[in-house]
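Here is the structure we will look at.
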Amino acid sequence: MQSWRKIIILLIAVNLAGLIGCSQGNETEKNGVVLPFTQQAPTVSNSTVAGVCSNPLFPVRQGASWAYINSGGPNGDFAFSDTISEVRADGFTLTTQFTGLTRTQAWSCESDGLKALELGGGAIASISAQGMAAEFITTAISGISLPGQIVSGMQWQYNLTMQGMIPMPTGEQVQSNGAYSAAMQEMGTETITVPAGTFEVIKFQSTSTVDFLVPFGDLQVPMKYTGASLIWYAPGIGYIKSVENWDFGGTPYTFATELQSYVIP
């Protein structure tokens with residue numbers, strides 16, 4: 001059972017490191033991931049980015065890039081970077097680079113905000129752990145990931161269901177169904193400092209649940225993970241920091257993600 005738990009733990013830790021520019025040779029490397037040179041981003045207003053993709057907390061711009069470090073999680077500390085690799089009239093693609101692993105995530109731009117169309121990793125999220133892989137596709141989505149307008153104390157939800165294949169010890173692939181849900185609430189404004197700088201931010205609270213049914217013989221074994229997170233966004237810059245508390249099958253973990261550097265064209 002532990003091997004399969006590790007696959008799901010990796011799925012959660014990578015995707016929740018959670019949510020979420022262009023440097024000219026001024027780059028450093030940390031934990032095997034290239035971090036772009038820190039640069040002050042310009043103020044981004046709704047008129048700066050045309051169309052429905054405009055969002056006050058997440059500048060949707062071709063080539064915009066953010067580098068992060070995640071620490072304290074079940075898989076140890078790791079670095080990763082997010083880059084908007086493609087912008088469309090009705091959405092965009094977010095490419096995440098880990099050490100030895102590149103994943104893409106499609107987003108849609110809607111009248112009420114931005115919506116992630118999968119938990120992460122493109123149409124099919126391929127997760128590898130100890131030589132094994134689990135693949136999931138999104139089958140249904142509801143709610144919104146990041147509203148287009150933030151009002152004090154507002155609440156919203158984001159939900160998706162997934163279907164995929166999990167490898168068994170015999171080498172065969174078996175189907176597993178799962179669901180992810182998050183309830184979000186605006187918690188006010190404050191000032192925080194991370195390696196990328198000091199920012200005036202809006203704080204959000206998230207309560208999340210991940211449910212999977214994993215087949216073992218003739219049984220469908222439920223695996224449920226719950227988490228409570230605090231997430232900080234800076235207007236015109238994006239996702240700055242998160243502190244997440246998760247219970248993985250009775251084992252608690254607390255891990256943090258902090259912005260190291262960013263470049264926004």
Side-chain angles (χ1 to χ4, degrees), residues 6-23 26-39 41 57-86 92-107 114 116-122 124-130 133-136 145-146 180 182 192 194-197 199 206 208 210 227 229-234 237-244 246 248 253-264:
K6 289 179 181 178
I7 292 176
I8 305 303
I9 286 172
L10 179 61
L11 170 67
I12 297 169
V14 168
N15 283 287
L16 297 180
L19 344 79
I20 41 58
C22 167
S23 63
N26 294 312
E27 297 179 326
T28 58
E29 185 170 316
K30 189 167 185 178
N31 291 354
V33 174
V34 174
L35 308 180
F37 178 71
T38 302
Q39 172 180 315
L57 295 184
F58 189 53
V60 180
R61 296 187 174 189
Q62 183 82 32
S65 179
W66 302 263
Y68 300 94
I69 295 291
N70 179 284
S71 58
N75 296 293
D77 298 355
F78 60 89
F80 68 97
S81 63
D82 284 339
T83 301
I84 297 180
S85 53
E86 180 186 5
F92 60 95
T93 299
L94 188 68
T95 297
T96 301
Q97 179 67 58
F98 300 93
T99 302
L101 175 65
T102 300
R103 309 181 68 202
T104 60
Q105 182 183 39
W107 287 65
L114 307 177
L117 300 182
E118 55 251 336
L119 196 59
I124 297 179
S126 180
I127 311 301
S128 297
Q130 297 180 349
E135 294 185 343
F136 295 93
S145 299
L146 191 60
Y180 170 81
I192 64 169
V194 295
F199 303 92
S206 172
S208 305
V210 179
S229 309
L230 292 175
I231 307 166
W232 292 264
Y233 276 83
I237 297 173
Y239 166 47
I240 302 298
K241 178 180 178 178
S242 64
V243 176
E244 305 174 46
W246 281 85
F248 297 115
Y253 286 94
T254 296
F255 48 98
T257 302
E258 291 189 333
L259 180 66
Q260 306 295 304
S261 59
Y262 64 95
V263 182
I264 301 176

Got a second to check how far Y233's OH is from L259's CG, nearest 0.5 Å? 11.5 Å
Can you list everything that forms a side chain to side chain contact (heavy atoms under 4.5 Å, CB included) with S71? Sequence neighbours excluded, please. D77, A256
So, taking the atom named CD in Q62 and the one named OG1 in T83, what distance separates them when rounded to the nearest 0.5 Å? 10.0 Å
Rounded to the nearest 0.5 Å, what separates atom CG in L114 from atom CZ in F58? 7.5 Å
From W66, Y68, F80, residue fulfilling side-chain contact (heavy atoms from CB on, under 4.5 Å) relative to T96: F80
Under the side chain to side chain contact (heavy atoms under 4.5 Å, CB included) test, residues paired with I192 that sit two or more places apart: E190, V194, V201, W232, I240, K241
In chain order, what residues pass the side chain to side chain contact (heavy atoms under 4.5 Å, CB included) check against T95, with sequence neighbours excluded? S85, T93, T102, T104
Determine yes or no for a side-chain-to-main-chain donor-acceptor pair under 3.5 angstrom, with Q105 supplying the side chain and L117 the backbone. no
Which atoms form the tightest heavy-atom contact between S261 and A196, and what is the distance? N-CB, 3.8 Å
Please give me the minimum heavy-atom distance between P59 and G238, naming the atom from each residue. CD-N, 4.1 Å
State yes or no: are the ring centers of F92 and W107 separated by less than 6.0 Å? yes
Smallest separation among heavy atoms of S208 and Y180, with atom names: OG-OH, 3.5 Å
